[in-house]
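Input: a single structure, listed below in structure tokens.
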Amino acid sequence: MELKVLSKNEVATGVWEMTLGGDFSYETVQPGQFIHVQVGDGITHVLRRPISIADVSVSAGNLTILFRMAGRGTRWLSQARIGDNLSVMGPLGRGFPMTQAKTALLVGGGIGIPPLYLLARRLAEQGKAVTTLLGWASAEDRFWLPAFERLGHVEISTEDGSLGMRGTAVDALAVLENLPDTIYACGPRPMLAALKRWALRHGKRGWFSMEERMACGVGACGGCVCRTEGGMETVCSDGPVFALDEVML
Amino acid sequence: MELKVLSKNEVATGVWEMTLGGDFSYETVQPGQFIHVQVGDGITHVLRRPISIADVSVSAGNLTILFRMAGRGTRWLSQARIGDNLSVMGPLGRGFPMTQAKTALLVGGGIGIPPLYLLARRLAEQGKAVTTLLGWASAEDRFWLPAFERLGHVEISTEDGSLGMRGTAVDALAVLENLPDTIYACGPRPMLAALKRWALRHGKRGWFSMEERMACGVGACGGCVCRTEGGMETVCSDGPVFALDEVML
Amino acid sequence: MRAANLAVQCAGVPMRNPVMPASGCFGWGREYSRYYPLRTLGSVVAKAVTKEARPGNDTPRIAETPGGMLNAIGLANPGLERVLADELPWLAGQDVPVWVNVAGSDEEEYCMVAAAIDASGMADVLELNVSCPNVKRGGLAFGTEPSILKGLVTAVRRVTDLPLFVKLTPNVTDAGVLAEAAVAAGADGLTAMNTLRGMAIDLDRRCPVLANGQGGLSGPAVKPVALAMVYQLARTVDVPIIGCGGIQSGTDAVEFIMAGADAVQVGTANFTDPYAMPRIIAEMQTWMERSGAASIAEIKGAVH
Amino acid sequence: MRAANLAVQCAGVPMRNPVMPASGCFGWGREYSRYYPLRTLGSVVAKAVTKEARPGNDTPRIAETPGGMLNAIGLANPGLERVLADELPWLAGQDVPVWVNVAGSDEEEYCMVAAAIDASGMADVLELNVSCPNVKRGGLAFGTEPSILKGLVTAVRRVTDLPLFVKLTPNVTDAGVLAEAAVAAGADGLTAMNTLRGMAIDLDRRCPVLANGQGGLSGPAVKPVALAMVYQLARTVDVPIIGCGGIQSGTDAVEFIMAGADAVQVGTANFTDPYAMPRIIAEMQTWMERSGAASIAEIKGAVH
Ligand SMILES: Cc1cc2nc3c(=O)[nH]c(=O)nc-3n(C[C@H](O)[C@H](O)[C@H](O)COP(=O)(O)OP(=O)(O)OC[C@H]3O[C@@H](n4cnc5c(N)ncnc54)[C@H](O)[C@@H]3O)c2cc1C
Ligand SMILES: Cc1cc2nc3c(=O)[nH]c(=O)nc-3n(C[C@H](O)[C@H](O)[C@H](O)COP(=O)(O)OP(=O)(O)OC[C@H]3O[C@@H](n4cnc5c(N)ncnc54)[C@H](O)[C@@H]3O)c2cc1C
Ligand SMILES: Cc1cc2nc3c(=O)[nH]c(=O)nc-3n(C[C@H](O)[C@H](O)[C@H](O)COP(=O)(O)O)c2cc1C
Ligand SMILES: Cc1cc2nc3c(=O)[nH]c(=O)nc-3n(C[C@H](O)[C@H](O)[C@H](O)COP(=O)(O)O)c2cc1C
Ligand code: FES
Ligand code: FES
């Protein structure tokens, strides 16, 4: 389907926030689901780009994405103009499950942070206590920090120590006063691996959102698999969210 | 070099007039020379598109092209916006020679007409009597007719007879009252072949501008050759203009 | 404007139109059935099936390249038993001919899988994927050496009466020789082509993008190679040819038909646009009606 | 940021940088000398030269394809005598190594042309174009059959002491076998690769776009195929390799170096951008300095 670019802002150097409107199944969106966006004319780029849904407004009929200009495809996307139509598939994949847990810990690193926003909002709306650990390379890379702060307690870490504590989001685990019931995370693989070890050591359950290069986005090509205890599963349709004790890192 | 799109008009269905400005060797342009324009980002289209220089203003520092949306490359060009920069090589090729002749006959068919405009203007400026035979498929395909009419006598033909006489530009030869000293032509191959026969029969000399698919545009790849009495010659650098008795049609 | 009829017969199998997915690019059909009913298509072609389940290669398995993509999926599939139990029954109920792509490491495996799929009654056509390395013959792909290919097709021909297509690889000096070997051994038709060997490099990590190193190139970039191959095969053999490689539009499909193909397969374009095949069918219809071609037969091989 | 030195030696020939044009895409050099001085380049590679003048194929000789182009120039050139008289003297005075691409219909023609160019003293390197059909051996291209290639290279090796490169075609089952044959027969280096066989179709005219029917595919579309070939050859033989196929940017060139190339050739990109090669050189310099690579040797073969 076609969605129209309603707004576009560079929220940090090379990181864009874009709101898209038009016919879309906004009411079914789960946090952690993604859209698969066509970039270019089908020759320069034959593959779409998967981007998480960072926020959605069912009443206004729009959704928001946050993406980093990582290469040619996201550069193309960053050059879309307000009013342009984008070809979008979605919502795709299986998102973060909502559990009975009362307290939730969200851990996000860099461009893994976007899907956690919609999750934090839904959890907060359900009255859960949300603690969020956010990690960036440096202070000037941060985005949407006030938005997260409105929804619960936030700990920040930066690799160069320019904001919050020095280190990754996982290093901030050390400052937690209470252990949460459930963990939700998205970010670089080493961060998730460290978090998994920590969670298993503390007997905590939780969910990780995984990244893999994608072609079809619907489970048809077998391109985007990830190894789980149950065998190879597709990130696009069995995931991107997997139970942390199931996914092999 | 980069030229900026200064203006853009659809002068007939699918035929665009575009004025380009910027650093360019306007003062050296000969009628019949062309520019080689990059379309797209270098992947969708690896080849530039040759387009004749239809007019040039040395004082204003701009040039005008007229092109028909023939395929994907010219469609891309027609979508350029005012203010966009185009990568342009040129002026390329050898244009129409200016001769001592006092009367000139210009014969143009369809999208072969553009290079004849600058030629007509230069001839008229030199005080030569210019007669122009212009042929289009149909009345609504015509463009720049008043501009040509300001420079001399014009005979029009259309294939469906909706304007002027029914037939091609060459069929209008029959209505000429006086034979010209020199002939200049550009248009479809069958038109040029008929004109060549007519010219040889009447012992007239003249020049034809040829079309061929181009890669380099500078005589380096051997892609755009045309058969002449002297052997294979490149349209882009030995031409596009050839003496009518030399070129084999 | 004349009405155009897109229906064709391929090795005796009637199809509503000449458009079907390329193996491995359409899962088991189910994944795309939420986008349109599968009977919109001329046929559905399933993924490669091997005897045992195969996990496939490590990731990354996918890389984008100029005008195309590389894949190194590695024949990942749940294995014959689960394909017969979980995937084909659904597909066989969709009112569309089913092609099953068969792969293996030796002749026995191909024969065993082909026979079992034939016996299930759930397939209309078998397509042999001969780009796999032959473990018993030094890892040379079945599709690169005429004598090996002839042996394989002869063996499979013995165990099935289903229409048998051989899907050729372009990574050979002369595809015509391989085509002749396949046809002499009893193939009913040929699919041209599988992917070209290729590689992409990740400059930052200083290693190939794909975990497997090399991969198979597909997409619009390879279209001219596939067209040349179809054209050559059409002059070499007298069996139906399925054109495949870089088809994105109705006019692309018509080009393959004019080069000599009876039908076409669409792979990578499904990823660019999940509605690619219904769109291609509609565009073919429009093109034919505009050009006054009443049937596929009328334009087939037109450039020869 | 460390300064990066782009100078390389290829089979004993020192070059200021590893970037040169691909044969046939840069005329005789003169055509591009109005855009920049040729000594900006690592070397200049001239068009294919044959004994007699050749008019080449009919037009159209050029077709654009997705991400690439087809050409069927047909070895058009003014013949050895006029090349020696009119083209090479100018080129030899440009303060840049000169490679001459040699072609022929039989061994004698290759040897005759190679010997004459060597004797002229105006070339630094000979590059054998072995994609031409061998008229004495049933029209099979010299570059597709190891024994024919071995014979050709052995014969040419006898008549010249110039560094001898063999430019391989990708249209073979196993380029490694051809590479080994060329090196065993005395080739000093290999160029990978020439064009892929391809075709484009003109739907309106219902015929191939090219007058010749088939043509050679080049441009970004083929880059993954060329990279895979360079990678394979680097593992197979121990002579300098020139990477060629779809290079458009400095990072493309670095990818080929990392795959194992000693230098690169740029063809189609010259048509897209007449300043492509100086730009590629500058982009390589920038990339190397940003990544802390001080020399080409430091990154050569990095992905192996
Ligand atoms: C489920 C999912 C959700 C994502 N959500 C976001 C998000 O909200 N914001 C955001 O900035 N990024 C997100 N990403 C990563 C994003 O898809 C890549 O950054 C993007 O595809 C890079 O494309 P490119 O053309 O700019 O880069 P290039 O490196 O030029 O891309 C080349 C190819 O590699 C693929 N690729 C490159 N990097 C990645 C990657 N990290 N993950 C997957 N594929 C990759 C591209 O899709 C493309 O096919 C997500 C990825 C996945 C799988
Ligand atoms: C010297 C010269 C001057 C020209 N002047 C003009 C002009 O002033 N106005 C105008 O409208 N057209 C002119 N043309 C024709 C114009 O170049 C083609 O219409 C254009 O290249 C078509 O590109 P496309 O991508 O739209 O079409 P496509 O058919 O998609 O093009 C595919 C390929 O074929 C080539 N090609 C297609 N048709 C032609 C053609 N008739 N001549 C040369 N190459 C072609 C294209 O350059 C491209 O490489 C001129 C051609 C030449 C050689
Ligand atoms: C992700 C992917 C998986 C593929 N899997 C198979 C396969 O299992 N069996 C097979 O014969 N071909 C397979 N192929 C090759 C395609 O069927 C097809 O031959 C090739 O992609 C060229 O067509 P295209 O350019 O339309 O994609 C695969 C291709 C891709 C891109
Ligand atoms: C117009 C054209 C002419 C060519 N002529 C020759 C030639 O004379 N000799 C040769 O060995 N290769 C020739 N080639 C092949 C190129 O040298 C090169 O190997 C090929 O184009 C791949 O590189 P590219 O993708 O950078 O163009 C030619 C290619 C093109 C496009
Ligand atoms: S992208 Fe195709 S299976 Fe996930
Ligand atoms: S376009 Fe290259 S020689 Fe004319």
Side-chain angles (χ1 to χ4, degrees), chain C residues 63 65-70 140-141 143-145 169-175 178 196-209 213-217 219-232 246 248 251-252 254-259 287 291 293 299 302-304, chain D residues 63 65-70 140-141 143-145 169-175 178 196-209 213-217 219-232 246 248 251-252 254-259 287 291 293 299 302-304:
Chain C
T65 68
M69 65 174 283
L70 292 167
L140 211 65
T144 58
E145 175 48 48
T169 163
N171 301 308
V172 294
T173 308
D174 184 353
L178 277 305
L196 277 164
R197 196 172 25 232
M199 182 181 248
I201 284 176
D202 183 328
L203 281 195
D204 295 330
R205 289 166 53 232
R206 302 194 178 190
C207 68
V209 173
Q214 300 206 341
L217 183 64
V222 310
K223 194 183 83 169
V225 177
L227 272 174
M229 189 162 163
V230 167
Y231 182 86
Q232 182 199 0
Q248 275 191 329
T251 52
D252 289 342
V254 173
E255 286 172 27
F256 276 85
I257 306 278
M258 285 197 183
W287 186 90
S291 327
I299 52 174
V303 308
H304 285 270
Chain D
T65 68
M69 64 175 283
L70 291 167
L140 211 64
T144 58
E145 176 45 49
T169 162
N171 301 308
V172 295
T173 307
D174 185 355
L178 279 305
L196 277 165
R197 195 172 26 232
M199 181 180 251
I201 285 176
D202 183 327
L203 281 195
D204 295 330
R205 291 165 52 234
R206 301 194 180 191
C207 67
V209 174
Q214 298 207 342
L217 182 65
V222 309
K223 194 183 83 170
V225 177
L227 272 174
M229 188 160 162
V230 167
Y231 182 87
Q232 183 199 357
Q248 276 191 328
T251 51
D252 288 343
V254 173
E255 286 172 24
F256 276 85
I257 306 278
M258 285 198 183
W287 187 91
S291 330
I299 52 174
V303 308
H304 285 271

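Only heavy atoms go into these numbers, but all of them, side chains included; no hydrogens, no water, no symmetry mates. Residue numbers begin at 1 in each chain, while the letters A, B, ... track the order of the sequences.
With values rounded to the nearest 0.5 angstrom, D/Q214 atom CD is found 10.5 Å from C/L227 atom CG. Note that CG of C/D174 is 12.0 Å distant from CD of D/E145, once rounded to the nearest 0.5 Å. How far NZ of C/K223 is from CE of D/M199: 12.5 Å, rounded to the nearest 0.5 Å. Taking NE2 of C/H304 as the start and SG of D/C207 as the end, the distance is 12.0 Å to the nearest 0.5 Å. Rounding to the nearest 0.5 Å gives a distance of 7.0 Å between CZ of D/R206 and CD1 of C/I299.
The candidate from C/G213, C/P208, C/A228 with the greatest count of non-hydrogen atom pairs under 4.5 Å with chain D is C/A228. Most heavy-atom pairs under 4.5 Å with chain C, from the set D/G246, D/P220, D/G67, D/A226: that is D/P220. Chain C forms more heavy-atom pairs under 4.5 Å with one residue of D/L217, D/V303, D/L70, D/V225 than with any other, namely D/V303.
In this structure, D/T173 contributes its side chain and C/T173 its backbone to a donor-acceptor pair below 3.5 Å.
Every side chain to side chain contact (heavy atoms under 4.5 Å, CB included) that D/A175 has, sequence neighbours left out, goes to D/V172, D/M229, D/Q232, D/L233. For the side chain to side chain donor-acceptor pair (under 3.5 Å) test, no residue two or more places apart in sequence or in another chain qualifies with C/T144.
In this structure, the portions of C/S291 lying under 4.5 Å from any heavy atom of chain D include both its backbone and its side chain. For D/A63, no part lies under 4.5 angstrom from a heavy atom of chain C. Both the backbone and the side chain of C/L203 come within less than 4.5 Å of a heavy atom of chain D.
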